[in-house]
Visitor: 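Below is a structure I'd like to ask you about.
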Amino acid sequence: MPKGLASKETLAIINDATTRDTPLVPERFWCKDSLSEVDDCCWWHYIFYPNGGPERDGMYHPCYEYEQKILDEMDMETPDAARKKKGKCFCVYKATGLGLTEFILLWVLWKSYTDEWFSGKEAMIITGPNVDLAQDLILRSKGFLLKRGLGYIDHGAYELEVNGARIKCYPSNNIHSARGKPKVSIFFGDEAAFFKLRDDSIVRTVGERYIGKSDSWVVWVSTAGEEPSGFFYDIMQEQESETIYKRFHFYVEAGLKRDKQTKSSIFTKAYIDEASKTRSFEREYLGVWGKNVGDIFSPEGIELCCNEEYDWSDSDDTNDRIIGIDPGFGSSEFGVCIMQKHKGKKAVIFAESYERASYIDMVDKLVALSKGSRPKGYLLMLLGQRELEI
């Protein structure tokens, strides 16, 4: 064995000791005293002591009223009572930036230490198809524990173990690997409106099957989606008498409401004034589904273009170039394709897609392309031009 490396047997002993030596942590998640100066009054202050809460914009924040509403409704502070409730299924429709992903992560970690029912089970977290997001959630969870000096067993970029409870992230495009788990404590879908599957109802199906199988919690959290569709939107539309979910709606008003003790809020008026200038403001902060996304062309203008008859003749070399545009913003890519007809042949001379494109930048680029201005990417495409038969 190379010098300096522990044997598998030694590592097993260390890991077992780490699991058994459970630290004493507060039994309450939130003490409801925003100005508390002790670290053992509740889990919130225990993790964030001595400042009392997560930092944002140079200010520390308590557990705000909208988060307390979730705590009260879910009976999170009384695990036995919570399990006796009729349902443990919750949907949170929210403005971006309220910190609710972090809130759920904190709760899962707290439960892992304080609720024996979580021991030996897996807390499953489903994210969008971006694997970086899944890794980030696990890193954030580890960060909370490291800052407090709490131990955990590291199972790689997507998983950790706390007090015998496993916490694992799954990208939504690998949802099939989340099937068939024997014991699941919670199925948490983060940004549930953005899983980007052709039929995202499969994610709901996988999550809800654990209700009967493991008596697990099922929690979905997300801002409004780019289109009024998908399972998260469908749940919002269900009749109260028919749905199994308790639904919450927290938007700008919730983020601006000040805590009575600290006089702070997660949003400031200046922050919202600046955010309101963005095209996606109504969707991301007001919960308006599909608002201001993919609509730089008016429906009337699109209909006018589609109804117009265009003549095209192969022998007419005056119509030698055309630009095709597939607008996309937010998580959708913006596509541009330029074709030309030269010496009787049609060729693709430029094809490019842009992530996180801004409206102004793309208009400027299209104007430059239409006038024959050639930025580097365009020039390279011309130099490497390949004629394609259409």
Side-chain angles (χ1 to χ4, degrees), residues 56-57 66 91-101 127-130 132-133 136 172 190-197 200 220-234 236-237 249-257 265-306 323-338 350-371 373 375 377:
R56 176 174 171 175
D57 301 326
Y66 58 89
C91 282
V92 183
Y93 300 83
K94 69 180 186 71
T96 188
L98 288 179
L100 287 170
T101 297
T127 66
N130 188 342
D132 292 338
L133 178 58
D136 178 65
S172 60
D190 188 38
E191 289 298 344
F194 299 91
F195 287 154
K196 298 300 180 185
L197 299 175
D200 68 2
W220 309 105
V221 175
S222 186
T223 53
E226 296 173 350
E227 297 291 339
S229 61
F231 81 89
F232 192 62
Y233 179 81
D234 293 340
M236 185 176 68
Q237 301 298 312
H249 292 268
F250 300 126
Y251 304 114
V252 167
E253 296 81 4
L256 287 172
K257 190 166 185 178
S265 59
I266 199 71
F267 293 154
T268 63
K269 184 178 183 303
Y271 175 87
I272 294 301
D273 287 345
E274 189 65 24
S276 65
K277 299 175 184 178
T278 63
R279 296 181 62 254
S280 59
F281 176 75
E282 291 188 55
R283 180 179 62 80
E284 293 195 343
Y285 290 89
L286 303 181
V288 181
W289 284 70
K291 186 66 175 179
N292 290 331
V293 176
D295 59 355
I296 64 172
F297 301 118
S298 68
E300 295 81 9
I302 294 175
E303 185 176 353
L304 179 63
C305 292
C306 293
I323 301 179
I325 305 165
D326 181 14
F329 298 96
S331 60
S332 298
E333 294 186 353
F334 192 112
V336 179
C337 180
I338 303 179
F350 181 86
E352 211 46 90
S353 62
Y354 306 89
E355 293 184 355
R356 301 291 178 183
S358 73
Y359 172 78
I360 297 300
D361 288 344
M362 294 315 302
V363 168
D364 290 343
K365 182 174 289 291
L366 292 170
V367 169
L369 290 172
S370 66
K371 291 182 177 180
S373 177

Visitor: Side chains of Val336 and Met362: closer than 4.5 Å at any heavy-atom pair?
Guide: yes
Visitor: About how many Å separate CG of Asp200 and OG of Ser172, when rounded to the nearest 0.5 Å?
Guide: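 The distance works out to 9.0 Å.
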Visitor: Would you check, one step at a time, whether the test side-chain contact (heavy atoms from CB on, under 4.5 Å) holds for Val252 with Phe281?
Guide: CA-CA 10 Å; Val252 167; Phe281 176 75; 4.3 Å; yes
Visitor: I need the Leu100 CG to Ser222 OG distance, nearest 0.5 Å.
Guide: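 Reported to 0.5 Å precision, the distance equals 11.0 Å.
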Visitor: Please check if any side-chain donor atom of Thr96 sits under 3.5 Å from a side-chain acceptor atom of Glu284, or the reverse.
Guide: no
Visitor: Rounded to the nearest 0.5 Å, how far does CG of Leu369 lie from CD1 of Ile323?
Guide: 5.5 Å
Visitor: Report yes if some heavy atom in the side chain of Lys257 is under 4.5 Å from a heavy atom in the side chain of Phe267; otherwise report no.
Guide: no
Visitor: Please report the interatomic distance CG(Asp273) to OG1(Thr268), rounded to the nearest 0.5 Å.
Guide: 8.0 Å
Visitor: For Phe250, give me all partners under ring pair (Phe, Tyr, Trp, His ring centres under 6.0 Å), at least two apart in sequence or on another chain.
Guide: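 By the ring pair (Phe, Tyr, Trp, His ring centres under 6.0 Å) rule, Phe250 matches Tyr66, Phe248.
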Visitor: Under 30°, 30 to 60°, or over 60°: which ring-plane class applies to His249 and Tyr93, parallel, tilted or perpendicular?
Guide: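 The arrangement is parallel - the two ring planes meet at less than 30°.
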Visitor: Which residues pass the side chain to side chain donor-acceptor pair (under 3.5 Å) test with Thr101, not counting sequence neighbours?
Guide: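 With sequence neighbours excluded, Thr101 shows a side chain to side chain donor-acceptor pair (under 3.5 Å) to Asp190, given in chain and number order.
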Visitor: Taking it one step at a time, do Phe232 and Phe195 satisfy side-chain contact (heavy atoms from CB on, under 4.5 Å)?
Guide: CA-CA 10 Å; Phe232 192 62; Phe195 287 154; over 6 Å; no
Visitor: In sequence, state the C-alpha distance, the side-chain angles, and the governing distance for Asp326 and Phe334, and then conclude on side-chain contact (heavy atoms from CB on, under 4.5 Å).
Guide: CA-CA 6 Å; Asp326 181 14; Phe334 192 112; over 6 Å; no
Visitor: Given side chains that start at C-beta, do those of Leu98 and Tyr285 come closer than 4.5 Å, heavy atoms only?
Guide: no
Visitor: When you measure from the side chain of Arg283 to the backbone of Ala224, do you find a donor-acceptor pair of N or O atoms at a distance under 3.5 Å?
Guide: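 Here the side-chain-to-backbone pair exists.
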Visitor: For Thr127, what residues pass the side chain to side chain donor-acceptor pair (under 3.5 Å) criterion, not counting sequence neighbours?
Guide: none
Visitor: Which pair of non-hydrogen atoms, one from Leu256 and one from Ser265, has the smallest distance, and what is that distance?
Guide: O-CB, 3.6 Å
Visitor: What's the separation between atom CD1 in Ile338 and atom CD in Glu352, rounded to the nearest 0.5 Å?
Guide: 10.5 Å
Visitor: Taking the side chain as every heavy atom from C-beta outward, state whether Trp289 and Tyr233 have any atom pair closer than 4.5 Å.
Guide: yes
Visitor: Heavy atoms, side chains only, cut-off 4.5 Å: are Thr223 and Phe194 in contact?
Guide: yes
